[in-house]
Peer 1: 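This is the structure I want to talk about, given as structure tokens.
In this chain, residues are counted from 1 in sequence order.
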Amino acid sequence: MKKWFQNYVAEIVYGSVDGVVTTFAIVAASAGANLSSPVIFVLGFANLFADGFSMGVSAYLAKRAEQDELEKKRRHLDEAMQDDTIRSKEIKSYLNGYGIKGVLLTQVMDRISRSKPASKAFLQRHNNVSEDPDSPLLIGLFTFAAFIVVGSLPVLVYAVEVAVDADSSSAFLISSLSALLAFGIVGYFKGRVTRSSKIIAVVETVLLGTIAATIAYGVGYCLDKLVS
């Protein structure tokens, strides 16, 4: 299970961080502009699902494009393996790139070309043709799910306020703490799965998220002053 998560840790972390930053940016900007809780709730959740879907689709399409390019390289490799002339020409081109020429070039080419598995391994390496087990669909789904689940934390307090028809002055503070908690959890998860420093990962994620939120709040506050 851990290895399976490692394959998609980038999507989980990226989707989670972007979800929190995007949603809390809306909350912070709206709070800075003194908007009401129902307005913040609507803006926050509308933006959460719209951006989450957009990110999921973008991640899916990007991976599909990457795999299509990889498939094109595989087809070219198959053609080279079936045509001795093309195969020899490509091997020679790569060897020339290493500065191998003359008699040594002939000897190395003969050694590589003598075995088809060796020739294929050589061309695979230099054409950057490798297996890609990642699923574009799962990448899109993980990105979307992480964006929605973690990104919803900063706006949940406003959802509760709308549900109970209340308006608390501490809503923004609770939302801010929720966002910091989300950043911390994502940073810890990233550090644990990638086996890097958990403290550094948490500090880095929280710091970057705080900077983004501060900018959003400042912009909202300044725009409110300009139009009022």
Peer 1: Give the minimum heavy-atom separation between Val155 and Gly44, together with the two atoms involved.
Peer 2: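 Smallest heavy-atom distance, with atoms named: CG2-CA, 4.1 Å.
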Peer 1: To the nearest 0.5 Å, what is the distance between CZ on Phe49 and OG on Ser54?
Peer 2: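 Phe49 CZ to Ser54 OG: 14.5 Å, rounded to 0.5 Å.
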Peer 1: I need the Asn47 CG to Thr23 OG1 distance, nearest 0.5 Å.
Peer 2: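 Result: 6.0 Å between the selected atoms.
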Peer 1: Tell me whether Leu180 shares a hydrophobic cluster with Ile199, the cluster being built from Ile, Leu, Val, Met, Phe, Trp, Tyr side chains joined at under 4.5 Å.
Peer 2: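 Not linked; separate clusters.
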Peer 1: Are the side chain of Ser178 and the backbone of Ile174 linked by a donor-acceptor contact shorter than 3.5 Å?
Peer 2: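 At least one qualifying donor-acceptor pair exists.
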Peer 1: Side-chain heavy atoms under 4.5 angstrom apart, residues restricted to Ile, Leu, Val, Met, Phe, Trp, Tyr: same cluster for Ile26 and Leu156?
Peer 2: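 Per the 4.5 Å side-chain linkage, Ile26 and Leu156 are co-clustered.
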Peer 1: More than 12 foreign heavy atoms under 6.0 Å from CD1 of Ile200: is that the case here?
Peer 2: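 Incorrect, the count does not exceed 12.
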Peer 1: Step by step, would you call Asp51 with Phe147 a side-chain contact (heavy atoms from CB on, under 4.5 Å)?
Peer 2: CA-CA 8 Å; Asp51 276 6; Phe147 192 102; 3.6 Å; yes
Peer 1: Determine whether Ile148 and Phe53 fall in the same hydrophobic cluster, where Ile, Leu, Val, Met, Phe, Trp and Tyr are linked whenever their side-chain heavy atoms lie under 4.5 Å apart.
Peer 2: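 Shared cluster, yes.
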Peer 1: Kindly give the heavy-atom pair with the smallest separation between Leu48 and Gly151, and that separation in Å.
Peer 2: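 Closest approach of Leu48 to Gly151: CD1-C, 3.7 Å.
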Peer 1: Between Phe41 and Phe45, does the ring centroid distance fall short of 6.0 Å?
Peer 2: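 Yes.
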Peer 1: Donor-acceptor check, side chain of Ser152 to backbone of Val149, threshold 3.5 angstrom: yes or no?
Peer 2: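 Confirmed, Ser152 side chain pairs with Val149 backbone.
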Peer 1: Between the main-chain N or O of Pro154 and the side-chain N or O of Ser175, is there a donor-acceptor pair closer than 3.5 Å?
Peer 2: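 Between the backbone of Pro154 and the side chain of Ser175 there is a qualifying donor-acceptor contact (under 3.5 Å).
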Peer 1: State plainly whether one hydrophobic cluster holds both Val27 and Leu43, where clusters connect Ile, Leu, Val, Met, Phe, Trp and Tyr through side-chain heavy atoms under 4.5 angstrom apart.
Peer 2: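 Yes: a chain of side-chain contacts under 4.5 Å links Val27 to Leu43.
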Peer 1: Could you report the tightest heavy-atom contact between Ala201 and Gly187, atom names first, then the distance?
Peer 2: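 Closest approach of Ala201 to Gly187: CB-O, 3.1 Å.
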Peer 1: Which value, rounded to the nearest 0.5 Å, describes the distance between Phe144 atom CZ and Ser58 atom OG?
Peer 2: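 With rounding to 0.5 Å, CZ (Phe144) is 12.5 Å from OG (Ser58).
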Peer 1: Treat each ILVMFWY residue as a node, draw an edge where side-chain heavy atoms are under 4.5 Å apart, and state whether Leu181 and Val13 are in one component.
Peer 2: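 No, no single cluster joins them.
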Peer 1: For the atom pair CG (Asp68) and NZ (Lys63), what is the distance rounded to the nearest 0.5 Å?
Peer 2: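 Answer rounded to 0.5 Å: 11.5 Å.
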Peer 1: Please work out whether the ring planes of Phe172 and Phe24 are parallel, tilted or perpendicular, with thresholds of 30° and 60°.
Peer 2: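 Parallel, since the angle between the ring planes stays under 30°.
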Peer 1: Evaluate the side-chain contact (heavy atoms from CB on, under 4.5 Å) criterion for residues Thr143 and Asp18: first the C-alpha distance (whole Å), next the side-chain angles of each, then the deciding distance (0.1 Å), finally the verdict.
Peer 2: CA-CA 10 Å; Thr143 303; Asp18 201 71; over 6 Å; no
Peer 1: Which heavy-atom pair separates Val20 from Ala182 by the least distance, and what is that distance?
Peer 2: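 Heavy atoms of Val20 and Ala182 come nearest at CG2-CB, 3.7 Å.
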Peer 1: Any chance you could measure Leu153, atom CG, to Leu177, atom CG, to the nearest 0.5 Å?
Peer 2: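 Here the rounded value is 12.0 Å.
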Peer 1: Measure the OG-CG distance between Ser135 and Leu141 for me, rounded to the nearest 0.5 Å.
Peer 2: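 Reported to 0.5 Å precision, the distance equals 8.0 Å.
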Peer 1: Would you say the side chains of Ser37 and Glu161 form a donor-acceptor pair under 3.5 Å?
Peer 2: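 Yes - a donor-acceptor pair under 3.5 Å links their side chains.
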